[in-house]
Colleague: 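Mind having a look at this structure? Questions to follow.
As the structure lists them, so they are numbered: ligands from 1, and atoms in each ligand from 1. All residue numbers refer to positions in the sequence shown, counting from 1.
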Amino acid sequence: MARREARARAGRERVLRPLRTLCPGCGRRMGIRYENRRTVATLQGLVRLRLKIRRCEEVACARHRRPYRPEGEGAIVLPQHEFGLDVMALVGALRYREHRSVPEIHRLLLERGVAVCERTVTNLLDRYDELVATVLDEPRRVALVAQQRVILAIDGLQPDVGHEVLWVIRDCLSGQVLLARSLLSATASDLAALLGEVVSATDVPVAGMVSDGQHSIRLAVQQALPDVPHQLCHFHYLREAARPIFDADRHAKKELKKQLRGIRLIEPRWRDARIPRPRRCAATAPPCARP
Ligand SMILES: [Zn+2]
């Protein structure tokens, strides 16, 4: 059923830029040419995505004027979807792991603040089934062969602690999902097997790998694709880099509070001594309300 009232405004905004700056076709620099905006419903609320799109302007290049979208976009939401991958992973986990019915899943999503109707839950379940059944058919394989290389991105979505993790492997050049699996464990050898499956199915050279740098993913890439450059997502990279500064700042705050605790001992002594409060200067004092 069509939405009958305006959608609420997104509470957060995220700006995503492509990590890659050089054209995969000719190696020349790709400038940011325009911006796409989309609003996505996630388990953390509505998010407004501002996506900076790069494009190669070299006329002789095979990728002339073909958009290169931020690699991080596919980790949040699939193309042309309104609900985030985390919502889809939760719907799949509730249906197939906890055997919940559609009305129950609908109620649980509403309790978690996801504005969704029951019919959409059925659609999300269908999309989840399609996602985990993704196979690389012949037309898609031909399209990958035509672009001569793939840049793989791997992300794991775990809606809640204890749930299975939905692992999604995408190609950043075409934006296609190449493989999606729900796994309870995520050891390096499990992930290396998934990467190996994608590499053998595509049969196209892997030019690069993008991930959030999780330890098991690093080991899996080292195992399955030892010679492929591995780029860490800038968001996660900067967050990790800022962690020592945040810890040092928290320590400084704790030390400062220790010093200030001494004021509590001085305050009663000040009251007992009835030391007059300092008076304001007549020029700056507000006019007295009493006559
Ligand atoms: Zn180019």
Side-chain angles (χ1 to χ4, degrees), residues 13-38 40 48-81 85 131 134-155 167-180 194-213 217-218 220-222 224-238 241:
E13 185 178 82
R14 273 188 71 180
V15 182
L16 298 180
R17 291 182 174 79
L19 304 179
R20 193 181 178 100
T21 54
L22 302 180
C23 171
C26 63
R28 288 173 195 264
R29 191 172 170 77
M30 293 185 288
I32 289 176
R33 288 288 171 261
Y34 59 96
E35 185 180 277
N36 273 177
R37 293 173 188 191
R38 59 192 293 198
V40 180
R48 180 85 166 151
L49 296 180
R50 286 176 53 199
L51 306 155
K52 307 284 181 183
I53 316 287
R54 293 188 192 275
R55 212 166 57 176
C56 177
E57 298 295 341
E58 182 64 31
V59 180
C61 176
R63 290 188 57 83
H64 175 59
R65 294 213 160 170
R66 285 176 64 184
Y68 186 83
R69 302 176 72 84
E71 296 87 351
E73 182 191 7
I76 300 169
V77 60
L78 292 176
Q80 296 160 5
H81 275 61
L85 267 169
L131 189 66
T134 303
V135 286
L136 206 59
D137 52 7
E138 202 51 36
R140 293 170 71 206
R141 199 195 314 270
V142 169
L144 291 181
V145 170
Q147 72 181 25
Q148 298 174 352
R149 60 185 75 73
V150 286
I151 296 174
L152 299 180
I154 182 167
D155 288 289
W167 289 97
V168 180
I169 301 179
R170 297 169 284 118
D171 170 35
C172 296
L173 293 179
S174 61
Q176 287 189 57
V177 173
L178 303 180
L179 186 138
L194 291 186
L195 288 172
E197 202 176 316
V198 168
V199 171
S200 58
T202 52
D203 202 20
V204 177
V206 180
M209 186 76 215
V210 182
S211 79
D212 61 2
I217 298 179
R218 289 186 204 197
V221 174
Q222 204 175 12
L225 304 162
D227 302 321
V228 172
H230 186 181
Q231 165 86 56
L232 301 187
C233 161
H234 278 194
F235 173 74
H236 289 95
Y237 188 78
L238 291 173

Colleague: Quick check against the 3.5 Å criterion: does Arg28 have a side-chain atom that pairs as donor or acceptor with the backbone of Cys23?
Modeller: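 No, Arg28 side chain to Cys23 backbone: no donor-acceptor pair under 3.5 Å.
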Colleague: I want to check something: taking the side chain as every heavy atom from C-beta on, are Val221 and Ser211 in contact at a cut-off of under 4.5 Å?
Modeller: no
Colleague: Check this for me: does any side-chain nitrogen of one of Arg50 and Glu13 sit under 4.0 Å from a carboxylate oxygen of the other?
Modeller: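 Answer for the salt bridge query: yes.
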Colleague: How many angstroms lie between atom CZ of Arg170 and atom CG of Asp155, to the nearest 0.5 angstrom?
Modeller: 5.0 Å
Colleague: Nearest 0.5 Å, please: how far is CD in Glu57 from NE2 in His64?
Modeller: 6.5 Å
Colleague: Return all protein N, O or S atoms below 2.8 Å from the Zn ion (ligand 1), chain by chain in residue order.
Modeller: Cys23 SG, Cys26 SG, Cys56 SG, Cys61 SG
Colleague: Please confirm whether the backbone N or O of Arg20 pairs with a side-chain atom of Glu71, one donor and one acceptor, at under 3.5 Å?
Modeller: yes
